[in-house]
Structure formats: structure tokens, C-alpha cells
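Structure first, then comments.
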Amino acid sequence: MSSGESTFSGFTMIDMTVYLFLTNISMFLTSTDSTYAIAEEIKDGSIIMRMIKPVNVDLSILFFELGNKVIITSCVFLPVMFGIEIYKYVTLGYVAFKIIPFLLFIFSISISYLLAFYINLLFGYLAFFLMNLWGFSILKESIIKFFSGAIIPLAFFPDIVRTIFEQLPFASLTYTPVMIYMEKYTGSDLLLALGKQLLWLAAFYGICKMVWKWAEKRLAVQGG
């Protein structure tokens, strides 16, 4: 900005304002209690009740969460998005809303939520080894916020650093859906970003399944 140019790393002042609102609503949409839910059950032993029932543990937690999130999302997400579009109309002087980027954002943020769910679920499995996850949870949240672009847009980092950060799973949580909505990703970049999201989701889903199978065997042996 000090150079007199109206943009910095492809972001105008209007873009930055929109980015801040979008990152906050994205973090809200992708927030999940899967770490707490599974960790508490592991610590108090009630996890055994899930294990003896013919149910999928991760899906049972996921769908319980989704019931609450649908209601909260409808009350918060839509008003905030409407407010963002009003701001863009007032500052730009024309209606900037486009249905395709919006639908792609919905698709991307849905993947982000599932990815966040399985990342946090995997973290919750640490309760099998640790008595208290509170300190580690604070560290995890700080790492995710920084590397997901929630604090500083990844585009502001030097190219080599940005390239590395964009390959990490954290970028798929917040940065990717926001950039899609703002039309910063188009064409092959858009397909690549969505592909990375799906790849990381598949990876963490698979890791969670493997860890859970190991945990089942471990608990069965200890339980006799």
C-alpha cells in the first residue's frame, strides 16, 4: 500500500475487508467438537458403549454434530453472507454477487468441515495416551489458525513459503474456500485447490480409521 498501488499481493482494501469476514464465518462453519466428544468418552470409559454397538463411531459423532450445526448455520451464515454482499454493493456501486462462486464456496466449505472433523477426531484419539489435552488443544488451534490463513492471507507470504503452506492440510480449512468465493482461484487453480481438499479429506479419514482399528484391538486386549 505504501507504494501507492491500490492492491497488495492481489488484494485491495475491499478484498481485505471481505476476506476478514469470510475467514471468520468459515472458521465458524468448520468448527467441530469432535476432539472433545471422543476424548471425554475415552477418558471416562464410556467409549466402550460405542464399541459394543453395531454403529460407525465417527459417523455417529458426525451426524450428532450436524443436527446442531444446520440450525446454527442458518441463523448465522446467511445473515453474514448477506451483509458481505451489501458491503460490496455499497463500496463497489454494483451487485458483485455471483451464484457459481457461491455454490463452489458451499461445496468447498463442506469439504473443509469434514476435514476439520477428522483432523480433530484424530487429535482426540491422543486421549488414549494423554490424560489431558487442554494444553495441546490450544497449541493445535493456534497452529491451524496461522497455517490456514485465518490470521494472515497466505498470499502475503513469500512465494516459496506460500507454496509450502498451500500444500498443507490447514490451507484447505479456511484459505481455499475463501479464495474460491473471492474468485482468486479460477480454472486449473480452482480444480487443483478442490482436489487437494478432497485428497487431504481422504487421507485423514483413512488415518482415523486405521487408528481406531488399532485402538479397538488395544482396548480388547487390555479388557481381557
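The structure displayed is predicted, hence computed values, not measured ones.
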Contacts of type salt bridge (charged side-chain N to carboxylate O under 4.0 Å, His left out), residue [X], not counting sequence neighbours:
{"X": "K184", "value": "D15"}
{"X": "K88", "value": "E85"}
{"X": "E65", "value": "none"}
{"X": "K98", "value": "E183"}

With sequence neighbours left out, what residues match [X] under side-chain contact (heavy atoms from CB on, under 4.5 Å)?
{"X": "I143", "value": "L139, F147, F170"}
{"X": "Y205", "value": "D58, Y118, K209"}
{"X": "A37", "value": "I61"}
{"X": "L114", "value": "L62, L201"}

Salt bridge (charged side-chain N to carboxylate O under 4.0 Å, His left out): which pairs involve [range], sequence neighbours left out?
{"range": "residues 26-40", "result": "E40-K43"}
{"range": "residues 155-167", "result": "D159-R162, R162-E166"}
{"range": "residues 169-178", "result": "none"}

Atom CD1 of residue position I160 - does it have more than 12 heavy atoms of other residues, nucleotides or ligands inside 6.0 Å?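 Not more than 12 within 6.0 Å, no.
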
Heavy atoms of other groups near F136 CZ, more than 12 under 6.0 Å: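 No, not enclosed.
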
Grouping I, L, V, M, F, W and Y whenever their side-chain heavy atoms are under 4.5 Å apart, do [X] and [Y] come out in a common cluster?
{"X": "Y36", "Y": "I47", "answer": "no"}
{"X": "F107", "Y": "M182", "answer": "yes"}
{"X": "L22", "Y": "L194", "answer": "yes"}
{"X": "L192", "Y": "I100", "answer": "no"}

I'd like to know whether the aromatic ring centres of F146 and F157 sit less than 6.0 Å apart in this structure.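 F146 vs F157: aromatic centres under 6.0 Å.
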
Which pairs pass ring-ring contact (aromatic ring centres under 6.0 Å, His included) with one or both residues in residues 51-97, sequence neighbours excluded? F97-F102

List the steps and the verdict of side chain to side chain contact (heavy atoms under 4.5 Å, CB included) for T174 and S112. CA-CA 7 Å; T174 303; S112 297; over 6 Å; no

How many angstroms lie between CH2 in W212 and CD1 in I38, if you round to the nearest 0.5 Å? 5.0 Å

